[in-house]
**Q** 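What follows is a structure written as structure tokens; I'll ask about it next.
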Amino acid sequence: MSNEPVIAIAGVTGAVGAEFIATMDRRKFPVGKLKALASARSAGKTLDFRGQGIVVEGLNERSFDGVDIALFSAGGSIARKFAPVAVKAGAVVVDNSSAFRMDPEVPLVIPEINARRIREHKGIIANPNCAAITALVPLWPIHRTNRIKRLIIASYQAASGAGAAAMAELVDSTRAHLDGEPFQPKVMPHPYAFNLFSHNTPVDPETGYNDEETKVIRETRKIFEDEQIAIGVTCVRVPVLRAHCEAITFECERPISEAEVREILSSASGVRIVDDRANNYFPMPVDASGQDDVLVGRIRRDLSDASGHSIAMFVAADQLLKGAALNAIQIAELLPERAMA
Ligand SMILES: NC(=O)c1ccc[n+]([C@@H]2O[C@H](COP(=O)([O-])OP(=O)(O)OC[C@H]3O[C@@H](n4cnc5c(N)ncnc54)[C@H](OP(=O)(O)O)[C@@H]3O)[C@@H](O)[C@H]2O)c1
């Protein structure tokens, strides 16, 4: 791979695709050539990249010829079809969808946690679910110090997690609501303005858990390499444009104090403590938006556990960045193929 690799972005016109471009720019990621790929609907549109107009191409079987790194954010079915095509053409794929995450042959990577897994890739590296990344970045340094044996998460997930069309639907339905106009949702299953609802992924009729919750459970175990960790999750979509929040309660094997958690998190990479009790100022989506770090606050003892093993906290993170584009670019920066260039 050359020092200035040829990069393809599959899904370049989407919410994550736009952040791929902005993040590569911000981090001065070296790019020899950029191939901008999307559906046939977007073919011919022009995007700006480092002052150059790049014409969007419709994704096809030849799109990855000559490509070194292919960043995918075009959904699971596109990834299943085209990631193997990209690998066959010689590219390393970093995929944002859930298509390959639980494949034992595919590393599932959050660089702050398991960057060492990147070198084991066989062509595809998976980016974890955004709700999982948001929780796991701050939980990992705690888990490493004092194993978390039980974890309970309630999420407050933004529209941007469901893509550009969901963000537009939140804006349009809010405007319609304020104008007293009727609004028929097309992207989300329920009215989104001044409402919230259980996550819009299918619900397993046996367990009652939706797909998002199941992803968080399975991916946590894979990334932490700890199949025994007990996890309960409730995922909810809230009428926020961008950045997910989560209320997290965890129980450790040994007693743990609020001060210890603060101490651990104060030097944790990818984490910023926002925990101002005097001013009632804690992590919020507006503050997390556009930020690389996961904001962590409301760090306090879980009073339901008298043994002193449990802590509660509240986090916020820009899931288009750390939950998607930034995490993927961080992975691309660490590819062993680039180091060999
Ligand atoms: N949003 C997030 O926070 C987030 C976080 C983690 C992972 N992800 C994952 O990232 C992926 C994209 O998410 P997003 O939020 O960016 O969605 P989005 O805003 O809806 O964008 C989807 C992108 O995929 C492209 N696409 C759709 N059908 C295609 C086709 N048949 N061939 C080629 N390209 C096609 C779209 O191109 P057109 O514009 O031409 O339709 C668009 O560029 C999904 O797998 C999602 O699960 C998203």
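Note that ligands are numbered from 1 as they come in the structure, with each ligand's atoms numbered from 1 the same way. Please read all numbers here as calculations on a predicted model, not as lab measurements.
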**Q** Does this structure show an ion pair linking Glu258 with Arg301, if we count only N-O contacts that are shorter than 4.0 Å?
**A**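 Looking at Arg301 together with Glu258, the answer is no, because their closest N to O distance does not fall below 4.0 Å.
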**Q** Answer yes if the ring centres of Tyr192 and Phe183 are under 6.0 angstrom apart, and no otherwise.
**A**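 For Tyr192 and Phe183, the ring centres are not under 6.0 Å apart.
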**Q** For the residue pair Glu4 and Ser2, confirm or rule out a side-chain donor-acceptor distance under 3.5 Å.
**A**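 No - no donor-acceptor pair under 3.5 Å links their side chains.
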**Q** Could you please provide the protein residues found below 4.0 Å of ligand 1 on a heavy-atom basis, arranged by chain and number?
**A**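 Residue list for ligand 1: Gly11, Val12, Thr13, Gly14, Ala15, Val16, Ala38, Ser39, Arg41, Ser42, Leu59, Ser73, Ala74, Gly75, Ile78, Asn96, Ser97, Cys130, Ser160, Gly161, Gly163, Ala164, Gln319, Leu320, Gly323, Ala324.
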**Q** Of all the heavy-atom pairs spanning Ser160 and Ala15, show the shortest one and how long it is.
**A**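 The pair with the smallest heavy-atom distance is O-CB, 4.5 Å.
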**Q** Please determine whether residues Tyr156 and Met188 belong to a single hydrophobic cluster, defined as Ile, Leu, Val, Met, Phe, Trp and Tyr linked transitively by side-chain heavy-atom distances below 4.5 Å.
**A**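 As far as the 4.5 Å side-chain criterion goes, Met188 and Tyr156 are not connected within one cluster.
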**Q** Parallel, tilted or perpendicular: which fits the ring planes of Phe64 and Phe72, with parallel below 30° and perpendicular above 60°?
**A**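 Plane angle under 30°, so parallel.
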